[in-house]
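Below is one structure, written out as structure tokens; the observations come after it.
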Protein chains: 2
Amino acid sequence: MPPRPPRRDDPVRQRSLRDHNLALVLRHVTASNRPPSRAEIAAASGLTRATVSTIVDELIAGGLVAELEPVSRSGVGRPGTGIVPAGTGPAGLGMEVNVDYLAVCAVDLTGAVRHRQVRHLDQREHSPAQTWQALAELADQAVAAVAAQRLTPAGGVIAVPGLVEGDTIRIAPNLGWQQVALPRPEDLGGLRDLPLDVANEATLAALGERHATGLRSFLYVSGEIGIGGGIVLDGELFGGSHGWAGEIGHVTIDPQGPDCHCGSRGCLEQYAGEEAIRAAAGLRAGGAVLADLVDGARQGDGPVLDALEHAGTALGVALSGAVNLLDIGTVVLGGHYAELIDWLRPAIERELARRVITARWAPAKVRASALGSDAALVGAARAVTQAILDDPARFLATRAVSAA
Amino acid sequence: MPPRPPRRDDPVRQRSLRDHNLALVLRHVTASNRPPSRAEIAAASGLTRATVSTIVDELIAGGLVAELEPVSRSGVGRPGTGIVPAGTGPAGLGMEVNVDYLAVCAVDLTGAVRHRQVRHLDQREHSPAQTWQALAELADQAVAAVAAQRLTPAGGVIAVPGLVEGDTIRIAPNLGWQQVALPRPEDLGGLRDLPLDVANEATLAALGERHATGLRSFLYVSGEIGIGGGIVLDGELFGGSHGWAGEIGHVTIDPQGPDCHCGSRGCLEQYAGEEAIRAAAGLRAGGAVLADLVDGARQGDGPVLDALEHAGTALGVALSGAVNLLDIGTVVLGGHYAELIDWLRPAIERELARRVITARWAPAKVRASALGSDAALVGAARAVTQAILDDPARFLATRAVSAA
DNA sequence: TCTTGTTTGTTCAGCCATTGAACTTATAGG
DNA sequence: CCTATAAGTTCAATGGCTGAACAAACAAGA
């Protein structure tokens with residue numbers, strides 16, 4: 001998502017120095033829970049107050065941060081003026097295409113969701129072109145709603161439950177899509193001139209969780225119809241060679257297990273996917289599976305509890321492999337799993353304790369998603385604002401050009 | 001291993017600018033296959049010739065690079081003087097503690113092995129203290145040998161087949177070690193004043209392979225008595241939260257499989273570890289298992305071929321999970337696997353093709369280790385020199401202090 | 001009310017690394 | 001011997017950070 005991450009093989013000129021410190025200061029502003037003063041930023045970042053002052057000036061001029069009204073604060077000495085991320089300024093647009101709905105949201109630099117709209121639409125009954133059309137309409141409304149709050153959309157990211165490479169969707173099994181390209185800019189109405197990106201839904205959800213939880217490294221696993229995953233390492237999304245990392249749904253649980261639609265056998269999805277759990281629980285097909293499962297589990301329904309126990313065991317086996325491989329301290333369960341966590345957790349933790357070789361020294365934690373079903377949508381929007389926060393200089397430069 | 005990687009939350013002063021470009025230029029010198037001239041470095045790095053000149057001067061003064069004799073080169077114009085990594089200068093000491101031998105080697109900044117010595121010693125019959133004693137003697141000889149070649153040892157790293165945390169070895173099953181600390185500096189003779197580190201053997205082997213092969217991202221798997229692994233992402237070793245990443249030997253192949261000594265069931269080691277392959281092949285215990293397997297396979301011995309086919313299948317299942325999770329393009333087989341690759345590869349590639357969901361668009365490559373059984377030893381030594389190459393400024397600073 | 005002490009934020013000279021252009025050095029080719 | 005070309009060096013200019021001095025804003029005590 002970030003247009004071009006700073007490479008360590010780049011030469012460093014004076015300007016890059018400023019660029020780095022611009023990002024450093026901005027990060028302090030967005031990261032601290034209390035609006036910091038220039039002096040506090042200086043103390044925390046290691047820069048001098050003089051440098052911080054000029055940098056803050058530049059950020060204010062660019063509309064990325066703002067000064068707070070001088071509120072009286074405790075303590076002796078001249079009170080500092082708090083610096084906050086700009087509430088009016090750039091906004092990130094997140095869009096989600098899922099099996100039976102479309103969604104759009106907008107976040108500002110503080111991470112607050114300033115607009116959110118969901119529209120039910122079954123993609124399986126429509127062509128990709130129709131989906132893009134409907135999404136463009138939603139996006140138009142979002143752009144308008146956001147403008148009314150004095151925010152300027154700075155870009156958009158679309159979350160898709162499938163494999164994405166560059167600007168094309170290789171395959172999205174549950175949508176029935178193959179080789180679908182991003183819509184052309186001229187078909188996008190209000191998004192026309194904005195940078196637009198597509199990415200995998202679970203990957204973006206992981207990004208959303210990263211901000212919502214503050215965790216530096218974790219494995220995100222989302223269970224819905226399919227099982228998706230995302231890996232965050234040291235605060236950064238890990239994409240792998242092609243951006244396809246995190247595909248835990250097709251990790252093998254039992255080499256001789258049931259056939260999977262992916263062509264393999266014994267994939268995790270065959271044990272812990274929605275359909276597998278439903279069938280094992282003896283529930284009817286086509287209903288509101290998640291609600292039925294939660295109800296059944298709450299009422300102590302035997303087959304349902306057994307089904308969840310089995311799913312948890314399979315999840316635990318897959319996660320153990322991942323933890324052994326990545327030595328990662330936390331697993332975040334999202335999607336339906338977030339609501340089923342109470343019944344999944346015992347089996348998952350049992351398997352982790354048995355199968356992770358370092359479990360006795362550093363047991364991995366299992367927790368539920370903080371954003372729930374909005375994770376991918378919010379994560380997509382955050383991807384846009386995050387790119388600005390990571391490299392404010394680039395944003396300021398483009399802003400200066402468009403102003404001229 | 002690198003003392004402290006540059007953090008993105010550090011403030012940047014002018015000096016860091018120089019530090020960065022120092023490393024950038026040095027990297028160009030070590031990376032290019034032909035000794036580059038100052039002008040070529042400037043063109044390749046994006047810096048100006050003026051800057052490169054002053055930086056090269058600084059590196060020459062610090063003894064990290066040297067000018068080549070002005071050889072006549074083709075083409076019109078003033079010929080450039082080639083810059084090469086200093087052949088005399090800092091050296092890295094690699095040490096390896098394995099089940100039945102100790103080894104030491106030294107590499108210079110070019111990566112060339114300048115000294116290498118192996119001594120047979122069965123650690124299972126000796127205490128850790130005795131091992132350290134014997135290793136210190138070997139290291140002493142290495143320091144002397146290296147000094148005779150006008151090299152100055154800059155640090156040492158010990159490779160151990162076990163789980164390392166900080167300066168202690170948590171557990172090394174095949175050595176029979178638990179909670180063993182690094183030897184005290186005063187017990188180390190010629191190593192007394194050098195920075196010393198321990199790390200996992202497979203992790204260091206991965207590092208060695210990274211330099212020997214030039215691959216940017218790969219998964220290294222080494223099969224000997226145990227199975228170890230290391231992950232290299234974008235040129236950097238990935239350690240995970242505690243440095244324990246890469247433990248692929250205890251990934252579950254079959255949740256109901258045979259008991260493993262680690263307390264779990266169905267671990268990869270139970271299918272593709274030396275002992276498992278030997279038993280499946282019907283070979284006698286205690287012999288030269290690897291040699292027997294290679295002989296048997298060459299002669300078309302049925303049980304041996306079957307055993308390798310089964311091991312390859314299990315490896316393929318485990319690697320498929322890893323590739324699905326990490327989206328990594330290359331798998332490097334080391335240790336015994338390197339010599340057995342011809343018989344393992346078909347099964348591994350078959351499973352990867354079946355089980356990796358992105359295999360049809362980007363099939364993962366399987367290749368043999370370039371360093372063979374020396375990978376861990378050389379990798380350990382390289383870890384030292386790599387730290388210098390990654391941050392020459394730090395090295396120059398300590399050098400300046402000790403000179404004063 | 002006035003003074004003192006404390007902390008914030010700004011100003012400015014000094015410093016440091018990079019740049020770009022001019023200049024010197026070294027070679028090939030006519 | 002002269003010209004063209006490329007490598008390497010020198011040097012004034014530039015941009016960004018630092019440190020110290022200073023102005024501004026406040027609390028506490030006399």
Side-chain angles (χ1 to χ4, degrees), chain A residues 10-25 28-29 34-61 65-83 392-393 396-397, chain B residues 10-26 28-29 32 34-61 65-83 392-393 396-397:
Chain A
D10 284 345
V12 170
R13 350 186 154 286
Q14 270 88 321
R15 182 69 223 177
S16 359
L17 220 169
R18 167 55 62 98
D19 292 354
H20 177 105
N21 287 336
L22 221 37
L24 179 65
V25 167
H28 269 100
V29 172
R34 197 168 48 81
S37 67
R38 292 171 173 80
E40 284 166 343
I41 295 171
S45 68
L47 296 166
T48 61
R49 293 201 312 260
T51 308
V52 171
S53 271
T54 60
I55 288 179
V56 166
D57 286 350
E58 199 168 329
L59 291 173
I60 290 178
V65 304
E67 277 185 322
L68 231 46
E69 287 306 299
V71 284
S72 65
R73 277 228 295 276
S74 62
V76 31
R78 170 177 172 177
T81 47
I83 308 294
L396 295 177
Chain B
D10 286 343
V12 170
R13 354 189 149 285
Q14 265 88 322
R15 181 69 224 178
S16 359
L17 218 167
R18 167 57 61 95
D19 293 354
H20 178 106
N21 287 337
L22 223 36
L24 179 66
V25 168
L26 185 52
H28 269 100
V29 172
S32 55
R34 198 168 48 81
S37 66
R38 291 169 174 81
E40 285 166 342
I41 296 171
S45 67
L47 296 166
T48 60
R49 293 200 312 254
T51 308
V52 171
S53 272
T54 59
I55 289 180
V56 166
D57 287 349
E58 200 167 325
L59 290 173
I60 289 177
V65 304
E67 278 185 319
L68 231 46
E69 287 306 300
V71 284
S72 64
R73 280 229 295 277
S74 62
V76 14
R78 173 178 169 176
T81 46
I83 308 294
L396 295 177

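Per chain, numbering begins at 1; letters A, B, ... match sequence-line order.
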Return the polar atom pairs (N/O with N/O) between nucleotides 28-30 of chain D and the protein under 3.5 Å, or none.
none

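- Atom-to-atom, CG of Leu68(B) to C1' of dA7(D) comes out at 15 Å; the value is rounded to the nearest Å.
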Check step by step if side chain to side chain contact (heavy atoms under 4.5 Å, CB included) holds for Arg38(A) and Leu47(A).
-> CA-CA 10 Å; Arg38(A) 292 171 173 80; Leu47(A) 296 166; over 6 Å; no
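- Of the listed nucleotides (dG8(D), dG19(D), dT10(C)), dG8(D) has the atom at the smallest distance from the side chain of Ser37(B).
- Each of Thr54(B) and Thr48(A) was matched to the nucleotide of DNA chain D holding its nearest heavy atom; the match closer to the 5' end belongs to Thr54(B).
- Leu24(B) approaches Ser45(B) most closely through the heavy-atom pair CD2-CB, 4.1 Å.
- Across all strands, Ala39(B) comes closer than 4.0 Å only to sugar-phosphate atoms, never to a base (heavy-atom distances).
- Between dG16(D) and Thr51(A), no contact under 4.0 Å exists linking OP1 or OP2 to a side-chain N or O.
- Residue Asp57(A) contributes atom CG, which lies 8 Å from atom P of dT11(C) at whole-angstrom precision.
- Between the CG atom of Leu22(B) and the P atom of dC16(C) there is a distance of 16 Å, given to the nearest Å.
- When distances run from any side-chain atom of Arg18(A) to the nucleotides dC17(D), dT19(C), dG9(C), the shortest one goes to dC17(D).
- If you take CD of Glu58(A) and P of dG15(D), they are 13 Å apart, rounded to a whole angstrom.
- Between the CD1 atom of Ile60(B) and the C1' atom of dT9(D) there is a distance of 14 Å, rounded to whole Å.
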Detail all sub-3.5 Å separations between protein N/O atoms and N/O atoms belonging to nucleotides 21-25 of chain D.
| residue | atom | partner | partner atom | Å |
| --- | --- | --- | --- | --- |
| dA24(D) | N3 | Arg78(A) | NH1 | 3.4 |
| dA25(D) | N3 | Arg78(A) | N | 3.3 |

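- In this structure the side chain of Thr54(B) never reaches within 4.5 angstrom of the side chain of Glu58(B), judged on heavy atoms.
- A donor-acceptor pair is defined here as one N or O able to donate and one able to accept, closer than 3.5 Å; no such pair exists between the side chain of Ser16(A) and the backbone of Asp19(A).
- Nearest heavy atom pair, residue Pro392(B) against residue Leu22(B), reads CG-C, 3.9 Å.
- Phosphate contact (OP1/OP2 of dG16(D), side-chain N/O of Asn21(A), threshold under 4.0 Å): absent.
- The minimum heavy-atom distance between Ser37(B) and Gly80(B), with the atom names listed, is CB-CA, 3.9 Å.
- When the C1' atom of dT10(D) is taken as reference, atom CZ of Arg38(B) falls 14 Å away, rounded to whole Å.
- Nearest to the side-chain atoms of Arg15(B) among the listed nucleotides dA17(C), dC17(D), dT18(C) stands dA17(C).
- For Arg49(A), there are no salt bridge (charged side-chain N to carboxylate O under 4.0 Å, His left out) partners, not counting sequence neighbours.
- Between dA17(C), dT10(D), dA20(D), one nucleotide has an atom nearer to the side chain of Ala50(B) than all others, and that is dT10(D).
- Considering all non-hydrogen atoms of both residues, Pro36(A) and His28(A) come closest at CG-O, 4.2 Å.
- In this structure, Val56(B) and Val25(B) approach most closely via the heavy-atom pair CG2-CG1, 4.1 Å.
- Across dT18(C), dT18(D), dG8(D), the shortest atom-to-atom separation from the side chain of Ser53(B) is found for dG8(D).
- Taking atom CG of residue Leu17(B) and atom P of nucleotide dT14(D), one finds them 19 Å apart after rounding to whole Å.
- Note: Glu67(B) CD to Leu59(B) CG = 11.5 Å, rounded to the nearest 0.5 Å.
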